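Here is the naming used below: chain letters follow the sequence lines, and residue numbers restart at 1 for every chain. Remember, predicted model here, so these are calculated numbers, not experimental data.
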Number of protein chains: 2
Amino acid sequence: MQDLLFDFISKYISLTDDEKNAILSLDIFRSVKKGTILLKEGQKSKDSYFVLQGCIRTYYVVDSEEKTTAFYTEMDALTPPCVISKTPSEYYISCVEDTILTVSNSDMEVEVNSKFPKFDAMCKILSEELLAKQRIDFDAFKTSSPEQRYMNLIEKRPDLIQRVPQYQLASYLGIKPESLSRLRARITQKK
Amino acid sequence: MQDLLFDFISKYISLTDDEKNAILSLDIFRSVKKGTILLKEGQKSKDSYFVLQGCIRTYYVVDSEEKTTAFYTEMDALTPPCVISKTPSEYYISCVEDTILTVSNSDMEVEVNSKFPKFDAMCKILSEELLAKQRIDFDAFKTSSPEQRYMNLIEKRPDLIQRVPQYQLASYLGIKPESLSRLRARITQKK
DNA sequence: TTCATTTCTTAACTTAAGTGAAGAACCTGT
DNA sequence: ACAGGTTCTTCACTTAAGTTAAGAAATGAA
C-alpha cells in the first residue's frame with residue numbers, strides 16, 4: 001500500500017530509503033469504512049488527505065439537503081479550505097467506499113518540510129498543478145450545460161458513474177437528481 | 001505603483017531594500033490599453049500576471065462565441081494553466097480596462113526563487129491559498145442557481161457589475177446575456 | 001429471506017434558461 | 001454632432017431544469 005504513495009511521490013522527487021522510513025514512521029496510513037465522516041461542518045481541522053484506494057466526497061448541507069461538490073479517488077490529494085483559512089469547516093467529508101488514505105496534519109508537514117526541503121518543493125509544484133487543473137475544471141463547468149457536463153464526466157471519470165450514487169453525482173453536476181435521471185434517459189434515447 | 005506590489009508582498013514576507021531593488025531591476029511593470037490581448041488561444045507562454053490597477057479577463061472562444069470564465073482585478077495574480085502544463089493556451093486573456101500589471105516569466109521566477117528562498121515560500125503559500133479560495137468559489141457556483149450567483153456577485157464583487165460589460169458577466173455566471181438581462185429585470189421587479 | 005431504508009425513475013406541472021430576431025441605448029472615433 | 005459599431009433589452013417560442021409526489025428498484029441488516 002505504501003508503495004502507491006511512494007510511486008506517486010517519485011513522479012515529483014526521488015526519495016532515499018532514509019526519507020521513506022521517516023515518512024513511514026509518521027504513521028499516516030488509515031483504513032476507513034464506507035460512510036465514515038472524516039470532517040463535519042463547524043469542525044476545525046489541520047488534516048490533509050491523500051487517497052490510496054477508495055473514494056471520499058465533500059458535501060455541504062444546505063436547507064437539510066446534501067450538496068456534493070467533489071470526489072477524491074485513487075492518487076487524489078485533498079487539503080480542505082478550512083485547514084488553509086484556519087476557520088471552522090463549511091463542509092463535510094465522508095467516505096463513499098471503504099477507503100485507504102493517508103492523513104497528515106499541517107504541524108507534521110512543517111516538520112517534514114524543514115527536514116526535507118525536497119518535500120516542500122514537491123508540495124509547491126503539486127499545489128500549482130492542482131490550481132491549474134481545478135481552474136480548467138471550473139472553466140469547463142461554467143461553459144457547458146448539465147448534459148455536456150455529464151458527457152464530459154463519462155469521458156474523463158467514467159469510474160465515478162459506477163461507484164457513486166446518482167443523487168451525489170447530480171449535485172456534483174450542479175443539478176437535481178430528478179434532472180440527472182431525465183438527462184440520462186434523454187441520452188440513451190438519442191443513441 | 002511599485003508600492004502596491006510591495007504592500008501585497010509584505011503581507012506574506014518582509015523584503016529588504018536590496019531585495020526590493022532586485023525585483024525592480026527585473027523591469028516587470030507594464031501598462032496595457034483596454035482591449036489589448038495578452039495571450040491568444042494556441043499560443044505558448046511562460047508569463048504570469050499580477051494586476052496592480054485595472055481588470056483583465058480570461059475567455060474561451062467556442063463556436064465563435066466568447067465564454068468569459070474569470071476576471072482579475074487589483075491584487076489578483078494569474079498564472080495561466082498553459083504555463084504550468086507547458087502546452088498551447090486554451091484561452092485568451094484580454095484587458096477589460098486600461099491596466100497596470102506585472103509580467104513575470106517562469107524562468108525569471110526560478111532565478112528569483114533561488115536567490116530569495118523567502119520568495120519561493122511566499123509563492124507556495126499563495127498558491128495554496130488560491131487553491132482553497134478557488135475551491136470555495138467553485139463549490140458556491142455548483143450549489144447555486146444563476147440568480148443566486150448574481151446576488152452573490154453583487155455582494156462579493158460589486159465593482160465587477162459596474163466595470164464589466166453584461167455579456168461578459170453572463171458567461172462568468174454560466175448563462176447567456178439574454179438570461180442575465182431577464183434575471184436582472186426579475187430582481188428589480190421583486191424589490 | 002424478508003423487511004425497512006435508501007436510491008432511482010417517472011409523471012405532471014411550474015419556472016427559468018436557451019434561441020432567434022428586432023430594435024433601443026450606448027459608446028467611440030472622426 | 002454623426003455614423004457605425006457594440007452592448008443591452010424585449011418578445012415570442014422552445015427546451016430543459018426545479019418541484020412535488022408516487023411508486024419501482026436496489027441495498028443492507030436482522
Between CD1 of Ile161(B) and C1' of dT7(D) the distance, given in whole Å, is 17 Å
Contact string for nucleotides 17-28 of chain D, one letter per nucleotide 5' to 3', B = base within protein heavy-atom range under 4.0 Å, S = sugar-phosphate only, - = neither, reads BBBB-------S
Looking at Arg163(A) and Glu74(A), is there a salt bridge between them, counting it only when a charged N and a carboxylate O are closer than 4.0 Å?
yes
The test is side chain to side chain donor-acceptor pair (under 3.5 Å); show your working for Tyr49(A) and Arg30(A) and say whether it passes.
CA-CA 10 Å; Tyr49(A) 307 94; Arg30(A) 294 281 178 280; over 6 Å; no
Between dT7(C) atom P and Arg163(A) atom CZ, what is the distance in whole Å?
17 Å
Taking 4.0 angstrom as the limit, do Glu178(B) and Arg182(B) come out as a salt bridge?
no
Nearest whole Å is fine: how far is dT9(C) P from Ile187(A) CD1?
12 Å
Rounded to whole angstroms, how far apart are CZ on Arg184(B) and C1' on dT7(D)?
12 Å
Under the 3.5 angstrom rule, does the side chain of Arg57(B) hit a backbone N or O of Val96(B) as a donor-acceptor pair?
no
Quick note, Ala185(B) side chain, CB onward, closest among dT7(C), dT10(D), dT9(C) is dT10(D)
Tell me: OH of Tyr167(B) to C1' of dG5(D), nearest whole Å?
12 Å
Nearest-angstrom distance from the residue atom CD of Gln162(B) to C1' of dC26(C):
15 Å
To the nearest Å, how far apart are Gln148(A) CD and dT15(D) C1'?
14 Å
Look at Lys133(B) together with Asp137(B) and state whether they make a salt bridge at an N to O cut-off of under 4.0 Å.
no
salt_bridge(Asp120(A), Lys124(A)) N-O dist < 4.0 Å
no
May I have the distance from Leu180(A) (atom CG) to dT10(C) (atom P), rounded to whole angstrom?
12 Å
